[in-house]
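Shown next, in structure tokens, is the structure this report addresses.
Here, residue 1 is the first one in the sequence, and each next residue gets the next number. The structure presented is a predicted model; accordingly, all values stated were derived computationally and were not measured.
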Amino acid sequence: QVQVVESGGGLVQAGGSLRLSCTVSGLAFDEKAMAWFRQVPGKEREGVLCISWNGRDTYDRDPEKGRFSISRDNSRNALYLQMNRLKPEDTATYFCATGRYAFCTGAWFTQEGFDYWGQGTQVTVSS
């Protein structure tokens, strides 16, 4: 049984930082691309960042953002999202997802190619 568990969310002031973590069990984590998505109530889930199986390739949905970074530790079956200079508009529930393939597809930000999802962790940024 595949389990995906996010953690690290919370309340932070604008300009602050948070580091989200995601641990995965029940599948070959080191063979899969991984990604972070986020969702605000009433809106569609949107891709944030995707990372290839070996961590060498990362893709940012919004390259001009530059405030977030994704990383992974295959020895720990763990995925991370470092968020800096947070803004109130970053408030959302953040989800971790396991990819079907080793690399992020060209349409990764549409949720295409992701099989398992966590329950999400809430990030709230106050102004």
Side-chain angles (χ1 to χ4, degrees):
Q1 182 179 358
V2 178
Q3 289 190 319
V4 181
V5 180
E6 303 96 338
S7 61
L11 174 64
V12 63
Q13 287 189 331
S17 298
L18 274 179
R19 188 192 195 209
L20 306 184
S21 299
C22 170
T23 57
V24 179
S25 61
L27 56 69
F29 179 83
D30 59 357
E31 296 179 359
K32 309 294 186 182
M34 296 290 298
W36 287 98
F37 291 80
R38 68 184 186 183
Q39 188 171 23
V40 175
K43 294 188 177 181
E44 289 191 2
R45 192 171 298 184
E46 63 176 13
V48 179
L49 281 157
C50 186
I51 187 168
S52 62
W53 69 278
N54 58 5
R56 293 179 182 174
D57 302 305
T58 63
Y59 301 88
D60 192 336
R61 179 67 181 92
D62 183 4
E64 294 183 0
K65 188 190 304 167
R67 298 179 291 116
F68 294 2
S69 62
I70 189 172
S71 62
R72 64 190 296 162
D73 184 344
N74 286 349
S75 69
R76 297 176 182 270
N77 281 17
L79 178 74
Y80 305 102
L81 179 66
Q82 179 66 45
M83 303 186 293
N84 300 322
R85 303 192 303 280
L86 282 160
K87 302 177 180 180
E89 51 263 43
D90 294 319
T91 295
T93 300
Y94 285 72
F95 298 88
C96 168
T98 68
R100 191 172 305 149
Y101 313 110
F103 294 92
C104 306
T105 68
W108 71 268
F109 50 88
T110 67
Q111 307 180 53
E112 177 182 311
F114 294 92
D115 294 324
Y116 300 98
W117 297 76
Q119 293 299 307
T121 185
Q122 177 67 36
V123 172
T124 302
V125 184
S126 63
S127 57

**Asked** Applying the 4.5 Å side-chain criterion to the ILVMFWY set and letting contacts propagate, would Val4 and Leu20 be lumped into a single cluster?
**Response** yes
**For Arg85, all residues meeting salt bridge (Lys or Arg N to Asp or Glu O under 4.0 Å), sequence neighbours excluded** = none
**pair Tyr59-Phe103: side-chain heavy atoms closer than 4.5 Å** = no
**hydrophobic_cluster_shared for Val2 and Trp117, side chain cutoff 4.5 Å** = no
**Asked** Any side-chain heavy atom of Val24 sitting closer than 4.5 Å to one from Tyr116?
**Response** no
**Asked** Within the side chain of Glu6, is there an N or O that forms a donor-acceptor pair under 3.5 Å with the backbone of Cys96?
**Response** yes
**Request:** Flag yes if Tyr101 and Trp53 sit in one hydrophobic cluster, no otherwise; membership is Ile, Leu, Val, Met, Phe, Trp, Tyr, and two members link when side-chain heavy atoms are under 4.5 Å apart.
**Result:** no
**Message:** For the CZ atom on Arg100, are there more than 12 heavy atoms of other groups (residues, nucleotides or ligands in this structure) within a distance under 6.0 Å?
**Reply:** yes
**Asked** Are the side chain of Thr91 and the backbone of Val125 linked by a donor-acceptor contact shorter than 3.5 Å?
**Response** yes
**Prompt:** Are side-chain heavy atoms of Ser126 and Leu11 found at a separation under 4.5 Å?
**Reply:** yes
**Asked** For atom CD of Gln13, is the number of surrounding heavy atoms from other residues, nucleotides or ligands below 6.0 Å larger than 12?
**Response** no
**Met83 side chain near Asp90 side chain, heavy-atom distance below 4.5 Å** = no
**Prompt:** Taking all non-hydrogen atoms of both residues, which atom of Ser127 and which atom of Ala14 are closest, and how far apart?
**Reply:** CA-CB, 4.3 Å
**Message:** Can you confirm whether the side chains of Thr23 and Asn77 place a donor and an acceptor under 3.5 Å from each other?
**Reply:** no
**Request:** Please check if the side chain of Arg45 supplies one atom and the backbone of Phe95 the other of a donor-acceptor pair under 3.5 Å.
**Result:** no
**Prompt:** Just wondering, do Phe109 and Asp60 contact through their side chains at under 4.5 Å, heavy atoms?
**Reply:** no
**Donor-acceptor contact below 3.5 Å, side chain Trp36 vs main chain Tyr80** = yes
**Asked** Are Phe68 and Met34 connected in the hydrophobic side-chain network, where two residues link if heavy atoms are under 4.5 Å apart?
**Response** yes
**Item:** Sequence neighbours excluded - salt bridge (Lys or Arg N to Asp or Glu O under 4.0 Å) pairs with any residue from residues 16-33
**Value:** none
**Request:** Would you check if the side chain of Glu46 reaches a backbone N or O of Arg38 as a donor-acceptor pair within less than 3.5 Å?
**Result:** no
**Prompt:** Hey, does Ser17 have a side-chain heavy atom less than 4.5 Å from the side chain of Asn84?
**Reply:** yes
**Message:** Quick check for you: to the nearest 0.5 Å, what is the distance between Gln39 atom CD and Gln122 atom CD?
**Reply:** 11.0 Å
**Prompt:** Any sub-3.5 Å donor-acceptor pair from Arg72's side-chain atoms to Ser52's backbone N or O?
**Reply:** yes
**Request:** Please tell me if the side chains of Cys50 and Phe114 come closer than 4.5 Å, counting only heavy atoms from C-beta onward.
**Result:** yes
**Item:** Close side-chain approach of Arg61 and Trp108, heavy atoms under 4.5 Å
**Value:** yes
**Prompt:** Can Leu79 be reached from Leu18 by stepping across I, L, V, M, F, W or Y side chains whose heavy atoms are under 4.5 Å apart?
**Reply:** yes
